[in-house]
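Here's the structure we're looking at; comments come further down.
All of these numbers come straight from a predicted model, not from anything done at the bench.
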Amino acid sequence: MMRMDADVAIIGGGVIGLACAYELASHGKRVVVLERDRPGSGAGYVAAGMLAPISEADAEDEPFIELALESCSLYPDWIQRIEADSGLGCGYRDEGSLLVALHRDHEVEWERLAGIQRRLGLESRRIDRAEVLEREPYLSPRVVSGLFVPGDKQVNPRRLTKALAAAIEARGGTVVGPLPPAPSPLAERGSLERATPAIEGRRCVGAAMGEVEVRAEATVICAGAWSAEVWPEGAGLLPMRPVKGQILRLRGEPLLNHVLRTPDVYLVPRVDGELVVGATTEEQGFDTSVKTWAVMDLLREAWRVLPGVAELEMAEAVAGLRPALRDHQPAIGRTAVDGLFVATGHYRHGIVLAPVTAKLLAGVLDGTARVPAAFDPIRLHSTLVNTSHLPLSVNGEGAGREVFP
Ligand code: GLY
């Protein structure tokens with residue numbers, strides 16, 4: 001048995017757990033992160049890394065957009081600090097997003113989105129075919145117009161989580177994991193011991209994972225889609241479900257300058273020539289198998305807008321699980337158990353929301369921050385939840401207007 005003392009124990013070493021740990025370690029707290037797989041191997045390992053609250057503004061959900069915009073504004077300084085502390089690059093880029101239309105139906109979709117962006121005061125600009133092709137010369141000649149969103153950015157989530165883990169250690173924190181033998185992110189997860197909160201009486205006194213025991217003043221559950229699996233009795237409700245996303249990584253000659261979207265696919269170019277193509281949105285429980293239909297669909301939609309993808313090397317096809325609460329908003333703050341906190345449920349937005357989540361969580365722990373009601377875990381304790389802002393379920397996507405018990 002290995003025993004450790006800490007100010008804060010973090011359950012889960014995905015991007016949210018690592019971001020929270022880094023923030024706390026930067027404030028001088030003794031932090032231990034418990035991760036049964038490799039740090040950063042959760043949804044963040046699969047994520048494309050788009051920081052695109054404006055392009056994703058179509059839920060018209062103002063508290064969420066405000067939170068995401070605040071997080072984006074924290075990003076440049078946050079990345080600079082992580083890179084300085086870790087000595088590692090995070091692949092942060094700020095060329096903006098280009099939303100392109102291949103036919104009239106796509107144009108109608110982007111006009112609808114542009115209307116929402118205008119109402120919310122977010123910056124985007126309709127551009128004609130000539131400007132689209134000037135910005136992205138390799139696009140299909142079928143492109144008819146586009147919407148340029150200059151405020152969107154991107155980061156490479158795999159680099160970010162690696163740098164975060166190193167930055168935590170540089171700040172005196174500890175990341176425990178992986179347990180030997182190091183599993184692949186696609187390995188059967190059930191075979192490994194999960195980190196769980198240690199409850200004594202009505203209080204959480206730390207966390208344990210296999211042979212490792214951490215005594216801590218505060219414990220934070222950041223276990224993404226697995227958070228409900230480690231949720232203790234008495235902590236309130238956490239109606240969590242995994243939402244599967246399959247994604248491709250292609251490699252070769254750089255073909256794009258911006259993050260590119262059509263209503264059917266997104267393509268994210270990395271500085272090193274990688275091109276991420278995503279993503280499906282599926283209700284399949286904890287299944288992370290990669291299906292041929294998904295590879296076909298994603299490649300076909302990518303090829304329609306960027307024919308050169310046919311010449312790229314197929315480097316990877318992988319599936320991840322987005323952590324979705326019933327209203328698709330994150331839960332950040334106190335639970336009903338003393339000493340136990342939570343930061344999870346970021347659904348499609350874990351990468352973009354990481355810095356603001358860490359800031360809020362650190363503020364809750366030291367009593368200086370108030371979590372907006374939309375993200376307070378207490379809202380989940382009621383079974384009456386307003387989900388009217390969510391899109392109706394399409395192809396099994398989203399909670400729609402269903403209320404999960
Ligand atoms: N954030 C993009 C996705 O979840 O597919």
Quick check: does any side chain N or O of [X] sit under 3.5 Å from a backbone N or O of [Y], one acting as donor and the other as acceptor?
X      : Y      : answer
Ser124 : Leu147 : no
Asp94  : Lys153 : no
Ser227 : Ala223 : yes
His27  : Glu23  : yes
Ser71  : Ala68  : no
Arg379 : Ala374 : yes
Gln117 : Ile54  : yes
Trp231 : Gly236 : yes
Glu35  : Gly13  : yes
Glu213 : Met1   : no

Side chain proximity check, [X] to [Y], heavy atoms < 4.5 angstrom:
X      : Y      : value
Thr357 : Pro330 : no
Leu380 : Leu325 : yes
Val295 : Leu248 : yes
Leu321 : Thr288 : yes
Arg249 : Val318 : yes
Ser97  : Gln154 : no
Met50  : Ser55  : no
Asp152 : Pro53  : yes

Single hit among Val259, Val305, Val276 for side-chain contact (heavy atoms from CB on, under 4.5 Å) with Leu267: Val305

Sidechain N-carboxylate O distance under 4.0 Å for [X], [Y]:
X      : Y      : value
Arg125 : Glu131 : yes
Asp287 : Lys244 : yes
Arg304 : Asp264 : no
Glu274 : Arg159 : no
Glu111 : Arg104 : yes
Asp5   : Arg215 : no
Arg112 : Glu109 : yes

Cys204 vs Ile199, side chain to side chain contact (heavy atoms under 4.5 Å, CB included): CA-CA, chis, key distance, verdict: CA-CA 4 Å; Cys204 181; Ile199 309 290; 3.9 Å; yes

Pairs where residues 164-175 contributes a residue and the test side chain to side chain donor-acceptor pair (under 3.5 Å) is met, not counting sequence neighbours: Asp85-Arg171

Working for side chain to side chain contact (heavy atoms under 4.5 Å, CB included), residues Leu98 and Ile127: CA-CA 9 Å; Leu98 200 52; Ile127 58 177; 3.5 Å; yes

Heavy-atom pair with the smallest gap, counting every atom of Ala218 and Phe341: CB-CE1, 3.9 Å

Residues that His103 engages under ring pair (Phe, Tyr, Trp, His ring centres under 6.0 Å), provided they are two or more places apart: His106

Interatomic spacing from [atom1] in [X] to [atom2] in [Y] - rounded to 0.5 Å:
X      : Y      : atom1 : atom2 : answer
Ile221 : Thr196 : CD1   : OG1   : 9.0 Å
Ile65  : Leu120 : CD1   : CG    : 4.5 Å
Leu365 : Leu360 : CG    : CG    : 11.0 Å
Cys20  : Leu164 : SG    : CG    : 10.0 Å
Glu253 : Glu311 : CD    : CD    : 11.0 Å
Cys90  : Tyr75  : SG    : OH    : 8.5 Å

Test of ring centre spacing under 6.0 Å for Phe64 and His349: yes

Gln246 and Asp297: CA distance, side-chain angles, deciding distance, side chain to side chain donor-acceptor pair (under 3.5 Å) verdict: CA-CA 11 Å; Gln246 302 186 57; Asp297 266 15; over 6 Å; no

Answer yes or no: does atom [atom1] of [X] have more than 12 heavy-atom neighbours from other residues, nucleotides or ligands under 6.0 Å?
X      : atom1 : answer
Arg270 : CZ    : yes
Glu316 : CD    : yes
Leu88  : CG    : yes
Arg370 : CZ    : no

Side chain to side chain contact (heavy atoms under 4.5 Å, CB included) evaluation trace for Leu24 with Asp7: CA-CA 9 Å; Leu24 293 162; Asp7 296 319; over 6 Å; no

Working for side chain to side chain contact (heavy atoms under 4.5 Å, CB included), residues Met314 and Leu250: CA-CA 5 Å; Met314 174 87 178; Leu250 313 179; 3.7 Å; yes

